[in-house]
Number of protein chains: 2
Amino acid sequence: MSSAPDVSDQRMPHRGSTRDRILVAYEDLLIESGERGATLDAVAARAGVSKGGLLYHFGSKDGLAGGFLKRLRDLAEVDVSVMRSAPAGVVDYFIRTSVNAGTELDRALIAAARLAQTSDPRASEILAAIRTLWLDVVIEAVGDPVAARAILLISDGLYYNSALMGMGAPDPADVSDEGLQKLIDMVERLSTIAHGDPDAG
Amino acid sequence: MSSAPDVSDQRMPHRGSTRDRILVAYEDLLIESGERGATLDAVAARAGVSKGGLLYHFGSKDGLAGGFLKRLRDLAEVDVSVMRSAPAGVVDYFIRTSVNAGTELDRALIAAARLAQTSDPRASEILAAIRTLWLDVVIEAVGDPVAARAILLISDGLYYNSALMGMGAPDPADVSDEGLQKLIDMVERLSTIAHGDPDAG
DNA sequence: TCTACTATACCGTCCAGTCGGTATAGTGAA
DNA sequence: TTCACTATACCGACTGGACGGTATAGTAGA
């Protein structure tokens with residue numbers, strides 16, 4: 001085995017580092033061409049490093065996926081804390097950020113979903129853990145757990161459409177500003193009726 | 001026999017035919033091991049035929065995907081017509097069938113999503129077309145398009161969780177009978193409030 | 001000298017697709 | 001009834017390329 005500096009890296013090299021460029025290239029390729037397209041050669045070429053250089057930082061393809069997944073977790077934790085103190089409210093922030101806007105987190109989430117589909121259990125686990133984080137915040141914000149769940153599902157649906165499905169067909173779900181606002185209005189009323197009308201079935 | 005099969009390939013050589021067995025095996029492997037696991041060898045082995053046998057029926061891996069996608073379209077069209085005349089109503093039927101119950105259509109949808117993730121544009125297209133079919137039926141049923149959209153998104157979310165993500169983590173979204181009933185109640189109220197409060201933005 | 005690479009070559013495995021062959025059933029003619 | 005031939009359905013060895021990973025020699029900067 002070679003002595004790679006990676007393992008469970010304590011140090012954070014500055015942003016534009018080769019390591020970061022490799023991670024971004026991996027992410028890009030995952031999004032654009034799926035897991036099949038994200039070969040070591042392709043990632044290295046995209047990142048502008050040699051294959052050897054890539055493997056210097058991440059000892060294996062699995063290590064590369066691990067490094068990427070760690071980055072996702074970090075990004076998600078930051079996002080959740082931003083969401084908690086969003087000026088327009090948690091629900092507004094949450095729904096709005098459920099459509100792919102090309103943020104770093106969006107990209108990482110999409111890439112992770114690709115990985116999860118190819119039966120990388122770590123990707124599924126992290127994705128599920130992030131969802132749990134979200135659910136907690138939304139329950140806290142809207143009170144009613146059924147409404148919170150519906151909101152999370154709408155978010156999932158939005159995400160699924162705009163991020164996962166969106167590249168093959170035009171506009172599977174309306175994701176315009178106006179469409180989103182209407183949806184947010186409805187969703188916010190949803191948490192109201194949940195309280196106002198406890199039995200209706 | 002004749003050189004041209006009738007209108008839309010409707011020659012149905014009884015259910016357990018080799019062709020069908022191959023399609024089912026392909027689907028199974030797509031679901032269980034993702035696109036990577038669904039190799040020609042694996043599919044052939046699963047279907048109990050040789051690779052040559054498989055390739056006799058479907059000229060290439062692409063042809064296999066095509067055959068499978070065609071089957072999905074057929075299943076979806078049947079399902080939509082069943083939904084239109086569901087005794088408990090379109091919304092109830094739609095939400096309930098949004099969680100993976102292991103029906104033929106469920107399995108085909110999951111498998112197709114796997115394919116779509118691996119950038120097979122045909123899979124994305126068909127999935128989007130099916131979603132459009134659903135949206136039309138739900139709009140027709142609930143009247144309000146925003147509510148219909150929310151319902152479709154909840155369905156997408158449910159589907160995404162139970163079918164696509166569900167294998168990595170325990171219970172990402174509560175999909176129990178009770179949980180589903182609560183959600184349906186809420187969703188049906190959702191179409192009511194949409195009418196009751198037209199301006200809120 | 002150490003770190004952080006580049007460049008190139010190579011190995012073993014996996015995988016899609018090819019190809020020659022086999023088995024069986026049917027068909028028309030002598 | 002037998003012969004010649006065709007069509008359909010399938011088998012499995014093999015080929016060629018892609019890919020993950022290893023190895024090694026060399027280089028520029030701190």
Side-chain angles (χ1 to χ4, degrees), chain A residues 1-7 9-26 28-30 32-68 114-115 118-120 122, chain B residues 1-5 9 11-26 28-30 32-69 114-115 118-120 122:
Chain A
M1 308 293 177
S2 61
S3 53
D6 153 68
V7 198
D9 64 322
Q10 313 292 17
R11 69 254 197 71
M12 196 63 166
H14 53 289
R15 283 274 129 188
S17 69
T18 301
R19 208 189 127 93
D20 274 9
R21 260 172 30 240
I22 292 170
L23 249 18
V24 168
Y26 180 52
D28 287 350
L29 283 165
L30 238 24
E32 283 166 30
S33 339
E35 204 265 349
R36 286 224 66 157
T39 65
L40 292 184
D41 283 307
V43 172
R46 179 87 165 219
V49 298
S50 66
K51 191 178 177 179
L54 193 165
L55 286 164
Y56 172 79
H57 287 284
F58 305 94
S60 66
K61 204 184 187 191
D62 217 58
L64 177 59
F68 157 69
R114 302 277 213 229
L115 232 40
T118 329
S119 46
D120 185 325
R122 293 171 304 170
Chain B
M1 290 295 173
S2 64
S3 54
D9 194 327
R11 66 234 195 81
M12 200 62 163
H14 62 290
R15 283 272 132 189
S17 71
T18 301
R19 211 188 126 94
D20 275 7
R21 261 169 33 237
I22 292 171
L23 249 18
V24 169
Y26 181 52
D28 287 351
L29 283 165
L30 238 24
E32 282 165 30
S33 338
E35 204 265 349
R36 285 266 328 228
T39 64
L40 292 184
D41 282 306
V43 172
R46 180 87 164 220
V49 297
S50 68
K51 190 194 236 184
L54 192 166
L55 286 164
Y56 170 78
H57 288 284
F58 305 93
S60 67
K61 206 184 186 191
D62 217 58
L64 177 59
F68 156 69
L69 255 15
R114 302 279 213 229
L115 231 41
T118 329
S119 45
D120 185 325
R122 293 170 303 172

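Quick note on labels: first sequence line is chain A, next is B, and so on, each numbered from 1.
- Nucleic acid contact for A:Thr39: sugar-phosphate only, since backbone atoms but no base atoms lie under 4.0 Å from a heavy atom of the residue.
- Contact record, B:Ala65 with B:Leu115: CB-CD2, 4.1 Å, taken as the closest heavy-atom pair.
- Within the nucleic acid shown, A:Gly37 has no heavy atom closer than 4.0 Å to any nucleic acid atom.
- At D:dC10, one or more side-chain N or O atoms of B:Thr18 fall inside 4.0 Å of OP1 or OP2 (strictly under the cut-off).
- Spacing between atom CG of B:Leu64 and atom C1' of C:dG17 amounts to 13 Å, rounded to whole angstrom units.
- The side chain of B:Lys61 approaches C:dG17 more closely than any other nucleotide in the set C:dA7, D:dG21, C:dG17.
- Across the protein-nucleic acid pair, B:Ile22 atom CD1 and D:dA9 atom P stand 11 Å apart, rounded to whole Å.
- Within 4.0 Å of B:Leu55, counting heavy atoms only, lies at least one base atom of the nucleic acid.
- With respect to A:Arg122 and A:Asp62, a salt bridge is recorded, a charged nitrogen being found less than 4.0 Å from a carboxylate O.
- At distances below 3.5 Å, not a single donor-acceptor pair connects side-chain atoms of A:Arg114 with backbone N or O atoms of A:Glu35.
- Rounded to whole angstrom, the span from the OH atom of A:Tyr26 across to the P atom of D:dG20 amounts to 10 Å.
- Of the residues near DNA chain D, A:Gly52 and A:Asp41, the one whose nearest nucleotide (by heavy atom distance) lies more toward the 5' end is A:Asp41.
- Proximity of B:Tyr26 to B:Arg46: side-chain heavy atoms (C-beta onward) are nowhere separated by under 4.5 Å.
- Taking atom CG on B:Leu40 and atom P on C:dC15, their separation rounds to 10 Å, with Å as the unit.
- The nearest whole Å value for the distance from the CZ atom in A:Arg36 to the C1' atom in D:dC19 is 10 Å.
- An OP1 or OP2 oxygen of C:dA4 is reached within less than 4.0 angstrom by a side-chain nitrogen or oxygen of A:Tyr56.
- To the nearest angstrom, P of D:dC19 lies 11 Å from CG of A:Leu29.
- Summarising the geometry, the separation between CG on B:Leu54 and C1' on C:dC15 is reported as 13 Å, rounded to the nearest angstrom.
- Minimum atom distance to the side chain of B:Lys51 is reached by C:dT18, of the listed D:dC10, D:dG21, C:dT18.
- Note: NE2 (A:His57) to P (C:dT6) measures 8 Å, nearest angstrom.
- B:Thr18 places none of its side-chain heavy atoms less than 4.5 Å from the side chain of B:Tyr56.
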